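Structure, as structure tokens:
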Number of protein chains: 2
Amino acid sequence: MRNAEFDRQAVLRAAMRAFLVKGYAKTSMADLTKATGLHPGSIYCAFENKKGLLIAAIGQYHDDRSAQFQQLFANNNNPLHNLKAYLDGIVQECLSCDATQACLLTKALSEVGEQDEDIHQLIHRNLHAWQQGIEQVLNMAKSQRLIPADTNSQVQAQFLMMGIYGLRTFGHTEPNAAVLQPLADKLFSSLLN
Amino acid sequence: MRNAEFDRQAVLRAAMRAFLVKGYAKTSMADLTKATGLHPGSIYCAFENKKGLLIAAIGQYHDDRSAQFQQLFANNNNPLHNLKAYLDGIVQECLSCDATQACLLTKALSEVGEQDEDIHQLIHRNLHAWQQGIEQVLNMAKSQRLIPADTNSQVQAQFLMMGIYGLRTFGHTEPNAAVLQPLADKLFSSLLN
DNA sequence: TCCTTTCTTGAATATGCATTCAAGATAATC
DNA sequence: GATTATCTTGAATGCATATTCAAGAAAGGA
């Protein structure tokens, strides 16, 4: 009897970073062994193959981002304030020009989601959970009369998701606060009409 | 003396489709020879290498889309009407679930733009030209008092670009008119506030 | 018709890569 | 301490793939 030695979360976060920098197809197993510190045999033993490692990394990414999201909204502050801070945080990530701060879900969706049904469904589920988190925040804001009573929380949450996707794409071409911040502000103000 | 035999535009459109379906890295030269009908030697003679073919395909994509854009807005109809039709057309492309109707600029930006400076700059230029086309339409709408006089056309054009990027990403997860059309409508109505 | 130039062909090359596996190492159990 | 079950190691394997190049084909000019 013997237990596995490596720290699963640390390995998955390293793999996630590697996939974010080079994309799935261009990240070689050599890159992954270097990034994770694991030898090929260990990776195949733990995750079956390269695709299994991507799936596990996406799961870890979702867990990490969800925890971050819950934490940001866990206080009793004005939910709209929290949402504004959330959007501003995304702008900051775009400004960093750091590939490891990008969104693994949308990146993987674009590259492999169209070609692999397993991964497409996994990402779809994760993005949907994220959308429902935003929807809950909007319902809270509505019950506190911070946004119009006739707001359709689901559509508004979808609109915010759409805006966040677009903001991140825009950030790839213009990682510039003078450009991105007004866009994030305008997106936020769409809640108040 | 002898002239090249193949139709350059047809070849580039075929390559563009291949890249849209599988992505750049996963599209093999074998895929490209099959799609274009050209043999490897001819591709290397005409485009230098696989990356050169991608660059040429992106150029063709931009030319094709620009021509389509100009044509849609060339009539003397209400520019806002035309813009609405443009957004509705994008919704239709999303609904088709056809990878060849996706946007090669954003797809290539996501996959290779972060890794290759040549391609990043080319895509950046093309997306910027597209944004300026929208900006011109907004200026026309403003001069016809169809949108508020204090509209900042540049920011509004950026916001529309952002929305279009996001709409296409959203379409990958929910290719559903009941979801996408309200989002496009809400994006359009952001012009009128 | 013959010659020259240019284009086309596709097999060969060389490299890179995902995956496997058998030997070695380590921890728990007796 | 011996035994056993499990984990780790990393070189070997076989396949996929980007690129090259020399021979073949076709067009224009003499």
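Below, chains carry the letters A, B, ... as their sequence lines are ordered, and counting in each starts from 1. None of the values given here were measured: they were computed from a predicted structure.
- Between the NZ atom of K51(B) and the P atom of dT19(D) there is a distance of 11 Å, given to the nearest Å.
- Between R8(B) and L12(B), the closest side-chain pair of non-hydrogen atoms falls below 4.5 Å.
- Mapping K50(B) and G41(B) onto DNA chain D via the closest heavy atom, the residue that lands nearer the 5' end is K50(B).
- Closest approach to the S42(A) side chain among dT8(C), dG10(C), dT9(D) is made by dT9(D) (side chain taken as heavy atoms from C-beta onward).
- In this structure, N49(B) places its CG atom 17 Å from P of dT17(D), rounding to the nearest Å.
- Ring geometry for H124(A) versus H128(A): interplanar angle over 60°, hence perpendicular rather than tilted (30 to 60°).
- No more than 12 heavy atoms of other residues, nucleotides or ligands lie within 6.0 Å of CD in Q136(B), so this atom counts as exposed by the packing criterion.
- At whole-Å resolution of the value, NE2 in H39(A) and C1' in dA12(D) are 16 Å apart.
- Between K34(A) atom NZ and dC17(C) atom P there is a gap of 11 Å when expressed in whole angstrom units.
- To the nearest angstrom, P of dG10(D) lies 13 Å from CD1 of I43(A).
- Look at CZ on F6(B): it is 18 Å from P on dA26(D), rounded to the nearest Å.
- Residue Y44(A) has no polar side-chain atom (N or O) positioned under 4.0 Å from OP1 or OP2 of dT20(C).
- At a threshold of 4.0 angstrom between heavy atoms, the contacts of S28(B) are confined to the sugar-phosphate backbone, with no base atom among them.
- Defined by atom type and a distance below 3.5 Å, a donor-acceptor pair is present between the side-chain atoms of Q181(B) and D88(B).
- Considering only side-chain atoms of P40(B), the nucleotide from dA18(C), dG10(C), dA18(D) that sits closest is dG10(C).
- As rounded to whole Å, 16 Å separates atom P of dA18(C) from atom CG of L38(A).
- For the pair L32(A) CG and dA18(C) C1', the computed distance is 11 Å after rounding to whole Å.
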